Structures are given as C-alpha cells and as structure tokens.
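Basis for what follows: all heavy atoms, side chains included, without hydrogens, waters or symmetry-related copies. Keep in mind the model is a prediction, meaning the values are calculated, not measured. Order of listing sets the numbers, starting from 1, for every ligand and every atom in it.
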Amino acid sequence: MSVPSKDNAKTPETFTSLKVSTPPKTSAGLDAIKSSVHQVSKYMKPLDAVKLAFKINQKGGFDCPGCAWPDPDDERSSLGEYCENGIKAIAEEAQKNLIDSDFFKKHSVSQLSSWTDFEIGKSGRLSRPMYLPAGATHYQPITWGEAFEKVGKHLNALDHPDEAIFYTSGRTTNEAAFLYQLFVREFGTSNLPDCSNMCHEASGSALSQTLGIGKGSVTLDDLYKAELVIVIGQNPGTNHPRMLTALEKCKTNGGKIIAVNPLPEVGLIKFTNPQNPLKLISGGTTIADVHVPISINGDVAFLKAILLKLLEKEEESAAVFDKEFIEGYTDGYDEFISDLKRYNFEDCLKLSGISENVFNEAFELILNHNKIIICWAMGLTQHVNAVDNIRELVNLLLLKGSIGKEGAGTCPVRGHSNVQGDRTVGIWESAPQAFLDRIENKYGFKPTSKHGYSVIDAIKAMHEKKAKVFFGLGGNFISAVPDTSYSAEALSNCNLTVHVSTKLNRSHLVTGKEALILPCLGRTEKDYQKTGVQIQSVENSMGIVSSTKGVLEPCSDLLMSEVAVVCNLAYATLKGRTKINWLAYVDDYNMVRDDIQEVVEGFQDYNSKLMQPSGFYLPNGARTREFKTNTGKAHFSINKLPGWELKDDELMMMTIRSHDQFNTTIYGLNDRYRGIYNERRIIFMNRDDMKQRGLREKQVVHLKSNYKGVTREAKNFKVVGYEIPKNCCATYFPETNVLVPLDSFAHTAKTPASKSVKITIET
Ligand SMILES: Nc1nc2c(c(=O)[nH]1)N[C@H]1C(S)=C(S)[C@@H](COP(=O)(O)OP(=O)(O)OC[C@H]3O[C@@H](n4cnc5c(=O)[nH]c(N)nc54)[C@H](O)[C@@H]3O)O[C@H]1N2
Ligand SMILES: Nc1nc2c(c(=O)[nH]1)N[C@H]1C(S)=C(S)[C@@H](COP(=O)(O)OP(=O)(O)OC[C@H]3O[C@@H](n4cnc5c(=O)[nH]c(N)nc54)[C@H](O)[C@@H]3O)O[C@H]1N2
Ligand code: SF4
Ligand SMILES: [Mo]
C-alpha cells in the first residue's frame, strides 16, 4: 500500500547513544589525518583513494567537491591540497557500494524513510535511473529514454511554464548550470531557485547594494597580507578547513585575528597544520587573538558599538577614518553618521551580550589596523536582519578605507564548491535584464523578464498547487529547506518530482504523484563523450574559474553527466520548438564554453584561459575600487538593531553543522571538535539556562517553536551543557529544520532565518 509521501520527510526521532567529552584544544593535526584514513578505508577501494589523493585540487586534476575555498595560486603542497572534510566528501562520492534495482525492489519508499539520513547515505551510489509510478510503493527501473519522455510530457502538459520549478544545488559545474538555465528560460520560466537562496543570498543582496558586486573582494594573497582578519559567524575548522592554513600564514606574517562567534569553535582557537610535520610536533598555531562570545544575532549591536567608539576616537583625533577614501569613493557618509549618533554605546554592548573587557580587546585591534578583512558565513546570513549584518560590516570597512586595497576587503566564504559559479552563469530567479538581453541576442528567443520563485516562494507555490513539477539538479531539497512538514506537503502536491543525484537522499522519498531518480556522474569520475574525456569548470569563493576533470572510472555504465541530462531533457521537452542544437553540446563541452563567453561577462577566451594551470580571475570592481552601484560610489547604509525579544521561557536557537556532515549528507555521528560522539539529536545549552529549567546533562527533551500562533515540534533531543551565551542554544541541521518557520526569513534576500529560531523546551 502506498503511504502519503509527506510523512517520509522527518528524520527518525531515535537515539544512537551519546558520549560527551571535553572538546579538544587544537583542530586538525594527527586526529584529522586519522579520521580521513578511517573514512577512506571504510568506504573506498584503496587504489581509487591513492589516485584521488594525487589529483585533488592539483593543477589539471579535479576540484574538491567539498567547499568553495580556493586553491593557492602559486605553489601547491606535494603532500596534497586537501583537508579531512575534502577527503570525506570524495570518499562519500567514490564509494564501493552501489544501489541497483534489487535494492529498490527489496525496500519500499516508506521503509527507506524510517532510516536515518546517515543510513540512507551509507547505502551507496545510485547506479541507474529509477521511476516511482503513481500509487506504487517501490521505485522500479526505467530507461533513460523513457525517463526523459516522461519529464517532457509532464512539462508540456502544464498550463503555463511557471508551473514548473527547477532547483539547483551548488555542486553543478558552470557548463551544466549554464545549459540548465538556458533550457529553463527557453521553456519559458525563470523559476530557478537554488541553494544559495538559503545560504549567501543575503551577502549577495547586501554587497550588490553597497559595493556594486554580490561577491567578495579579496584574494588569498590579501588574506596572507591582512593586518587584521575578523572571522564572524563562521566555523572554518569544520566547514572550510584549508582556510585555517591561510589564517596561519596571515599570523606568521604578523596579522591578528578576531573570532566573533557564540561558540569557542576549536578551529578558530588553535590549528595544527596536518601538512606541516613540524607543526604536528610543536602543537600548532593559536589562531584567534580575541574570541568575542557574542549572543546569537548580537552582531549588528556589536558592530554598532565598535562604530560608535571609532567615531568617538575620530572626533577626538581625526586620525581614525580614511577620509580620502570616504570622500573619493563613497556616498551616504553624513546620513550614516547622523543615524549612528542616535544609538547609545551601552545599549548596543548589552544587546551584543559581551563584556566590556572583551569588547575593548577587539576594539583596540580594529582601531589600530587599517588593512582589515572580514570573513563570514551562515552565522550572519541566516537571520531576519541578515542583510543588515552584512551592510553594517561594510560600513566598518568603508570607514577604515579597508576595501579595494592589498590585504583588505570583504570575504563571504561560500559553501558549495560551485555555488558562486552557478549564479555567475545564470542560475538566478531574478537575473538582470542585461543578461537576459544577451541570451536573446545569442539564441533568438526572448526569455521572460518576470522574476521566478526563490526557494521560499517555490515551496509556497507547490503548497498552493500553483506549481506541479519539481526538478532538482543535485541537492536534497526537503532536508535543506525550512519547515519540513509544510514543505513535504508542498512537494507531495506535485504531479512529478525529479532528482538528478549521485546519492540516495530523503528528497527521493518525499515524492509527487510520480517520481524519478536520475543518477549522474560525480566530480571525481571521468566524463566520457564522443570527443574524449571532458573537462568542466567551477568558480571558487574568490572568483577564480578553474578546470576540473575526473580521474576515476564511472561507478556504473548507466550514469549520465549533468550536461548530458540537461541537454537530453531540453531535447525531449522542446522538440521542434527549440532554436538550439541541444545534443551537439553533449559531444564537446568546449562548445558550451564558447557560448558562455558570448553571454556572460568576464569569460572572453574561456577555453584557452581554462588551460592556464591556476585558472583565471573574473573581473571584480570592488577589488579595484570601481563600484558598480547606481552612483558609481560605495554606499554607506543605515541599519536598525534587530527588533525581537525573548519571553522568559524562550531560547534563541541556531541550527549548525557538525564536523561529520556536509549539509544534509551525514558522514558520521561525531562532532569531534565539540566533544560529541555518536549522537546528532542533541541541544547545546548554557549551564545556567539548564539549572534555571531544572535540566540534567543528557536529559531527554522536546523542542517547540511558536511563531505567529503556529506551533512546530521536534521530539527527543539530549541536553548537553556547553560554553554558549545565556539564552542561546544550538542544534544540528537538518534534524531541527521542522522548527524553522517558512515565513521567518531575511528581509530583501529571503534567506530562511535558520540561525534565529525561538524555541521552548519541554520535558
Ligand atoms: N565539512 C563541511 N563543510 C561545509 C559544509 C558542511 O556541511 N560540512 N557546508 C558548506 C556550506 S553549503 C556552507 S554554506 C558553509 C557553512 O559554513 P558555516 O557558516 O561555518 O557553517 P555553520 O555550521 O552553519 O556555522 C555557522 C557558525 O556561525 C556561528 N553563529 C551562529 N549564529 C551566529 C550569530 O548570530 N552570530 C555570529 N557571529 N555567529 C553565529 C555558529 O556558532 C557557527 O560557528 O560550509 C560549507 N562547507
Ligand atoms: N536549518 C538549516 N537549514 C539549512 C542550513 C542551515 O545552516 N540550517 N544551510 C542551508 C545551506 S547554506 C545550504 S547550501 C542548503 C544545502 O542544500 P542542498 O544543496 O540542497 O543540499 P546538499 O545536502 O548539499 O545536497 C546533497 C545531495 O546532493 C547530491 N549530490 C552530491 N554531489 C552531486 C553532484 O555532483 N551532482 C548531483 N547532481 N548531485 C549531487 C547527493 O544526492 C546528495 O544527497 O541547506 C540549507 N539549509
Ligand atoms: S577546504 Fe574545502 S575545497 Fe579545500 S580540500 Fe577542504 S573541503 Fe575541499
Ligand atoms: Mo551553503
């Protein structure tokens, strides 16, 4: 019997046996090497592991499918340019186990949904296309040809192209992403939500408004040369481990580092470079000179306190602000200063949750340095006032003239390995008109100018049955999005859900009336086409485009590349009405890049530049003080303090990543750097908050969020006392996504506010 698919969305509320120990004093080091070896030996063939180790992030090799941290331009370590989590990412992709039709014959969809995400992921790589007919309980095999015909038929049966949604996750390469958005626009919609809607969208919005480019301005070399790096709302030790090597280099050059984070994240405190044998013996480098243990969402208040004190000093000595820069390159200064003066230092400090002593230490460093880089990630972007967070830190950089010069600037650290590139080549539900015009010029059809759905809007549209087909190019939509139950209802309202994936995930189990799983090649695998093994390209967090080429044989003969999937889909759907020779691109990806260079700015001579061993930098106005805003100047902005309050029994919850996961892919059940072993259903709490509620260590509790009269609940979490500011708590994503209200998102950017969820605790 078939089960309502929406019921398959929640993670099982079962425990795996928690062990808690004191968090380690240093990150990486030998334990990181041990952990990588363990992961590789458990899941990969040994010879494959060796092949991969020599090719990961090397010139001419493949780009690490982990995060978007850049590779050094110059020398690359012969010991390999990778980290523990890069190894975990490739071990996950290059697994020995395969999921074939027998697996799906044996396990029904509803049975699979009772597995944890860890168990689902460990079942292996998808190896052939599968189809779930309406009313069926089990997926069954289907040929590629039949699968494309089915999707095409569903798409063409819609009353309007806007009834289809085309999601992208940030691992998709430039080539596949460009063709995908081209197909979607030729089909007739701009419904192109992507994972960046849930990630750095707020950074993009804030930076485009203020500096005229939605990307960061610095290079790795700038980080080495910075006098001061502020790492705010980011946990690089886990999520961008090789960033610690860059921070270490900055420190060796005399730089200082401030970490602004509710948690004393180990990677930010001390780092032992696993690629430096001497450091392994000597015990590592202290990273943060000052740790600012800020309350969740206390960042605007903290920054305002800093700005107020800087203003005070400037008014005393006129030697603090970079007036030449402010006069020559910015506007809005007077309005900004008069707004700032409305705030009171003590109030701001109190709201930020930090002591005056810690504040003073951080302030002295900011006051006394003029080459400042600010790095940030989800701790700033996943709040209702996320855009304000980022605009306020831009204000600080502008006052100090710390932008567009060596060793200074903005550094939003991106998540997925090609999330930045996907946006550059057109995955954008609200792409600029100039880009759409270039598509029209090149291909002879007029793309719709109507803005499409972002992730939040897409969920609402499916819930309201305004959208009926969901197509996902990568990712794990149901586990990544907020408000799991509502979103699951939305997906199960669809007529068809389709996922192009490497691994089985929960989104394959929360289906429309019919569903398809289309298995594709991963980054590590050779992409054989008529003209030989293809290379593809990606853009990292610092705007460098470089090539990536797989080294392993594909794990199954029945996999298709994402490029081939998109082209076949376009061909099957558009048939006689297309103006584009879709199937020709599959034979030779150089042709895709020839097109990209005509449509996307900055890609001239794409094919030849891609042959340069380190790739090439895209143009970046903020890097050279050419601010492409409406006035040609960088804008100061006016930002309010956040307006929320907690009731007596409420806590502010942030949903964060453990050290053993990549987003919704769970590599293991430990979070070594926080001293947590063998459990994910935990809640980190301040010990005074526990005492106040009469809670014991490891006590089982249930979490509730009340938002605008709607109660959401997540059951069975074990309490762990932790060094976290009072009234704040932390849980892991995706287990607590059920608690994140769909309507609580960043103004302007619509990033779900998954780092500020008000909850109560029930026993
Ligand atoms: N191994 C691994 N690597 C990854 C990922 C992964 O899951 N695993 N995910 C990738 C992706 S897509 C992304 S976007 C990045 C995510 O990288 P991060 O943003 O580093 O990831 P999070 O775990 O969400 O951590 C957010 C950090 O912000 C802090 N924080 C939370 N709220 C606040 C706040 O209000 N203010 C301040 N100042 N800090 C706060 C938390 O304590 C935590 O240290 O990593 C990428 N890399
Ligand atoms: N509560 C809460 N929610 C969050 C966040 C949070 O911090 N808190 N973070 C948000 C962020 S920053 C992000 S980026 C999103 C992530 O959202 P997504 O990008 O949708 O999720 P991932 O977990 O990265 O996707 C993993 C799946 O991608 C597929 N995959 C892996 N490699 C490939 C490939 O090469 N090709 C294809 N086609 N598929 C592949 C595999 O099947 C795997 O199961 O989640 C967001 N959700
Ligand atoms: S820092 Fe990121 S890109 Fe670099 S090796 Fe580690 S996971 Fe891969
Ligand atoms: Mo992300």
Under 4.0 Å from a heavy atom of [X]: give me the atoms of ligand 2 that qualify, with their elements.
X	result
Ser501	39 (N), 42 (O)
Asn505	27 (C), 42 (O), 43 (C), 44 (O)
Gly474	37 (C), 38 (N), 39 (N)
Cys520	36 (N), 37 (C), 38 (N)
Tyr167	17 (O), 18 (P), 19 (O), 20 (O)

Quiz item: Does Gly522 reach ligand 2 with a nitrogen or oxygen that is under 3.5 Å from one of the ligand's nitrogen or oxygen atoms?
Solution: no
Quiz prompt | Within reach of ligand 2, part of Glu562 (heavy-atom separation under 4.0 Å) | solution = side chain
Quiz item: Are more than 12 heavy atoms from other residues, nucleotides or ligands located less than 6.0 Å from atom NZ of Lys526?
Solution: yes
Quiz item: Cation over ring, Arg681 on Phe717, under 6.0 Å and within 45°?
Solution: yes
Exercise. Establish, for the pair Lys750 and Phe745, whether the NZ or CZ atom is under 6.0 angstrom from the six-membered ring centre and no further than 45 degrees off its axis.
Key: yes
Exercise. Using the test salt bridge (Lys or Arg N to Asp or Glu O under 4.0 Å), find all partners of Lys755 that sit at least two apart in sequence or belong to another chain.
Key: none
Exercise. Under the salt bridge (Lys or Arg N to Asp or Glu O under 4.0 Å) rule, collect the residues that match up with Lys726, sequence neighbours excluded.
Key: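 By the salt bridge (Lys or Arg N to Asp or Glu O under 4.0 Å) rule, Lys726 matches Asp689.
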Quiz item: ligand 1: which residues have a non-hydrogen atom closer than 4.0 Å?
Solution: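 Lining ligand 1 at under 4.0 Å, by heavy atoms, one finds Cys67, Asn85, Cys199, Ile232, Gly233, Gln234, Asn235, Thr238, Asn239, His240, Val260, Asn261, Pro262, Leu263, Glu265, Ile294, Ile296, Asn297, Asp299, Ala377, Met378, Gly379, His383, Gly415, His416, Met654, Ile656, Arg657, Gln661, Phe662, Asn663, Lys755.
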Quiz item: Any side-chain donor paired with an acceptor under 3.5 Å for Tyr673 and Ser658?
Solution: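 No, Ser658 and Tyr673 have no side-chain donor paired with an acceptor closer than 3.5 Å.
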Self-check item: Salt-bridge present (Arg523, Glu93; N to O < 4.0 Å)
Solution: no
Quiz item: Which pairs pass salt bridge (charged side-chain N to carboxylate O under 4.0 Å, His left out) with one or both residues in residues 499-508, sequence neighbours excluded?
Solution: Glu92-Lys503, Asp117-Arg506
Quiz item: Is the closest side-chain heavy-atom distance between Leu351 and Leu349 below 4.5 Å?
Solution: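 Of all side-chain heavy-atom pairs linking Leu349 with Leu351, none is under 4.5 Å.
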